[in-house]
There are 2 protein chains.
Amino acid sequence: MPDRSPRKDAVRNRAAVLAAADELFAASDSTEEVSMAEIAAAAGVGKGTLFRAFGDRVGLIRALYQARLEPVWHAVEDGPAPLGSSTPPLSRVPALLDAVLCFKLDNRRLALALESTGNASPYEAEHYERWHTLLRDLLRQIPGHAGDSDFAAHVLLAATRADLVEHLAGHEQFPRAKLRAQLATFAAAVLGSGPPAPAA
Amino acid sequence: MPDRSPRKDAVRNRAAVLAAADELFAASDSTEEVSMAEIAAAAGVGKGTLFRAFGDRVGLIRALYQARLEPVWHAVEDGPAPLGSSTPPLSRVPALLDAVLCFKLDNRRLALALESTGNASPYEAEHYERWHTLLRDLLRQIPGHAGDSDFAAHVLLAATRADLVEHLAGHEQFPRAKLRAQLATFAAAVLGSGPPAPAA
DNA sequence: TACAAAACGGACCAGCGGTCCGTATCGTTG
DNA sequence: CAACGATACGGACCGCTGGTCCGTTTTGTA
């Protein structure tokens with residue numbers, strides 16, 4: 001019996017903090033302006049509890065992010081087409097990119113917070129590595145695709161970066177559909193290294 | 001006489017601060033760990049002086065960045081081929097991207113600091129807008145190029161983002177030449193032709 | 001019911017970016 | 001050269017932050 005099961009109040013408080021943080025982040029313009037003390041107060045919990053449960057600020061944000069991301073990952077790993085593994089690479093890649101883009105659109109504040117929290121590079125987070133590895137391996141399987149798949153995967157993912165999405169969708173008021181279409185077009189151009197079919 | 005010319009000690013101190021900041025940033029792993037007080041001390045100046053000269057932290061970093069960037073801009077606006085405006089778009093675009101990449105490689109810490117300083121999105125900085133506008137207009141002039149030039153310009157620039165460059169060149173130890181070649185290949189694919197021949 | 005083990009919470013801390021204002025320097029004018 | 005506004009200096013000072021500590025309370029088991 002190496003692990004003890006966590007106590008009831010601990011899990012309740014953890015959930016309360018998660019919920020409070022989620023709400024506060026969603027309500028504020030920038031994540032930076034929500035302090036840990038505020039989150040603790042909103043959750044009806046002491047600061048010590050908050051830090052014991054999540055370690056530090058990034059720990060909290062990461063936990064929230066992972067929770068939101070989990071269903072998407074599930075769809076990618078076990079789900080049906082076009083996200084699931086039964087899809088051929090040439091159509092799965094755009095589907096994945098679209099899913100990532102939609103996720104960022106739906107979780108703007110959170111993604112922004114995670115990708116630009118102080119010092120830590122988003123490229124060292126393990127969820128990035130998962131996306132990158134998957135995408136890279138798919139690109140390798142596409143016959144016509146020239147160039148280095150590793151780098152191409154990085155760039156395609158960079159097209160969905162939270163602050164770029166925020167700039168286009170938020171500051172420049174691009175509608176969701178337009179962004180998705182542009183990303184799809186761009187991905188198509190990259191995938192078939194020759195000139196792509198005329199845009200619709 | 002709307003402007004007064006600045007006092008001599010003011011300009012001397014400004015230069016001292018700039019030099020000290022430059023050195024400290026270059027010496028530290030992450031810009032975040034260099035405090036304003038340290039910079040002031042290293043420059044042999046009071047904190048007040050520092051803040052009066054640059055406004056705030058981002059002001060200082062931006063001033064440093066602009067100073068480094070100026071020669072590159074000069075080469076792009078008035079210089080000879082392949083960066084200058086006499087170059088045809090199809091070969092000028094890769095040259096510009098390469099110049100940006102090299103600049104980021106040569107100024108890793110600084111670029112990293114500017115692109116991820118706290119809250120401010122790098123997409124609202126005016127130097128970004130200059131690059132983006134130039135690149136977008138060039139893309140529009142390329143006949144075979146399909147898709148939205150505005151978005152494509154964003155993505156191509158995203159391929160040179162400081163933290164991606166840092167991840168690849170620093171953490172993954174990619175040699176400089178490899179990165180440049182990969183970016184060139186990728187850009188060529190986007191521009192609408194197959195893989196290019198040159199690989200110097 | 002007794003009693004460890006685990007979790008709580010908020011006073012507390014060091015350090016940050018940024019401000020303020022009494023003092024020192026500049027450079028201009030007679 | 002003297003004198004005197006204007007300008008810049010510098011570091012004590014402020015509010016606030018993320019993060020820690022430890023006496024107190026809750027939990028669950030024997």
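The shown structure was predicted, so the numbers you read here are calculated from the model rather than taken from an experiment. So you know, we letter chains A, B, ... as the sequences are listed, proteins then strands, and number each from 1.
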Asks: Please report, rounded to the nearest Å, how far the P atom of dG19(D) is from the CE atom of Met36(A).
Replies: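 Rounded to whole Å, this separation is 6 Å.
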Asks: Where the side chain of Asp56(A) is concerned, which of dG19(D), dA8(D), dG9(C) is the nearest nucleotide?
Replies: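 Between dG19(D), dA8(D), dG9(C), the one nearest the side chain of Asp56(A) would be dG19(D).
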Asks: Please report the distance, rounded to the nearest Å, between CZ in Phe54(B) and P in dT19(C).
Replies: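 These atoms are roughly 15 Å apart.
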Asks: In whole angstroms, how far is the P atom of dA8(D) from the CZ atom of Phe51(B)?
Replies: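 The answer, rounded to whole Å, is 18 Å.
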Asks: Please work out which of the three classes, parallel, tilted or perpendicular, describes the rings of His167(A) and Tyr123(B), given edges at 30° and 60°.
Replies: parallel
Asks: Out of dT25(C), dC13(D), dG10(D), which has the shortest distance to the side chain of Arg7(B)?
Replies: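 Ranking dT25(C), dC13(D), dG10(D) by closest atom to the Arg7(B) side chain puts dT25(C) first.
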Asks: Given that Gly44(A) and Val34(B) both sit by DNA chain C, which one's nearest nucleotide is further toward the 5' end?
Replies: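 The 5'-side residue here is Gly44(A).
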Asks: Of Pro6(B) and Ala37(B), whose closest DNA chain C nucleotide lies nearer the 5' terminus?
Replies: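 Per heavy-atom nearest nucleotide, the more 5' residue is Ala37(B).
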Asks: Is the distance from the ring center of Phe25(B) to that of Tyr65(B) below 6.0 Å?
Replies: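 Between Tyr65(B) and Phe25(B), which both carry aromatic rings, the centre distance is not below 6.0 Å.
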Asks: Determine, using ring centers only, whether Tyr128(B) and His154(B) are less than 6.0 Å apart.
Replies: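 Close enough - the centres of the two rings lie under 6.0 Å apart.
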Asks: On the nucleotide dC8(C), are OP1 or OP2 found under 4.0 Å from the side-chain N or O atoms that Asn13(A) carries?
Replies: yes
Asks: Does the base of dG28(D) carry an N or O that pairs as donor and acceptor with the side chain of Lys8(A) under 3.5 Å?
Replies: no
Asks: Nearest whole Å is fine: how far is dG17(C) C1' from Glu33(A) CD?
Replies: 17 Å
Asks: Atom CG of Leu60(A) to atom C1' of dG19(D): distance rounded to whole Å?
Replies: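 Spelled out: CG on Leu60(A) to C1' on dG19(D) is 13 Å.
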Asks: Can you classify the ring geometry of Trp131(A) versus Trp73(A) as parallel (below 30°), tilted (30 to 60°) or perpendicular (above 60°)?
Replies: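 Parallel.
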Asks: Using heavy atoms to find the nearest nucleotide of DNA chain D for Ser35(A) and Gly48(A) separately, return the residue whose nucleotide is more 5′.
Replies: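 Closer to the 5' end of DNA chain D: Ser35(A).
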Asks: Glu38(A) CD to dG18(D) P: how many Å, rounded?
Replies: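 So the two atoms are 9 Å apart, to the nearest Å.
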Asks: Nearest whole angstrom, please: distance from the P of dG17(C) to the CD of Glu32(A).
Replies: 13 Å
Asks: Below the 4.0 Å mark, does dC9(D) have OP1 or OP2 next to a side-chain nitrogen or oxygen of Arg52(B)?
Replies: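 The answer is yes; a side-chain N or O of Arg52(B) sits under 4.0 Å from OP1 or OP2.
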Asks: In whole Å, what is the span from the NZ atom of Lys47(B) to the C1' atom of dC21(C)?
Replies: 15 Å
Asks: Think Thr49(A) has a side-chain N or O under 4.0 angstrom from the OP1 or OP2 of dA7(C)?
Replies: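 For dA7(C), neither OP1 nor OP2 has a side-chain N or O of Thr49(A) closer than 4.0 Å.
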Asks: Side chain of Val45(A) only, heavy atoms from C-beta on: which candidate in dT19(C), dC26(C), dG9(C) is closest?
Replies: dG9(C)
Asks: Measure from the side-chain N and O atoms of Thr49(B) to the backbone N and O of Val45(B), and report whether any donor-acceptor pair falls under 3.5 Å.
Replies: no
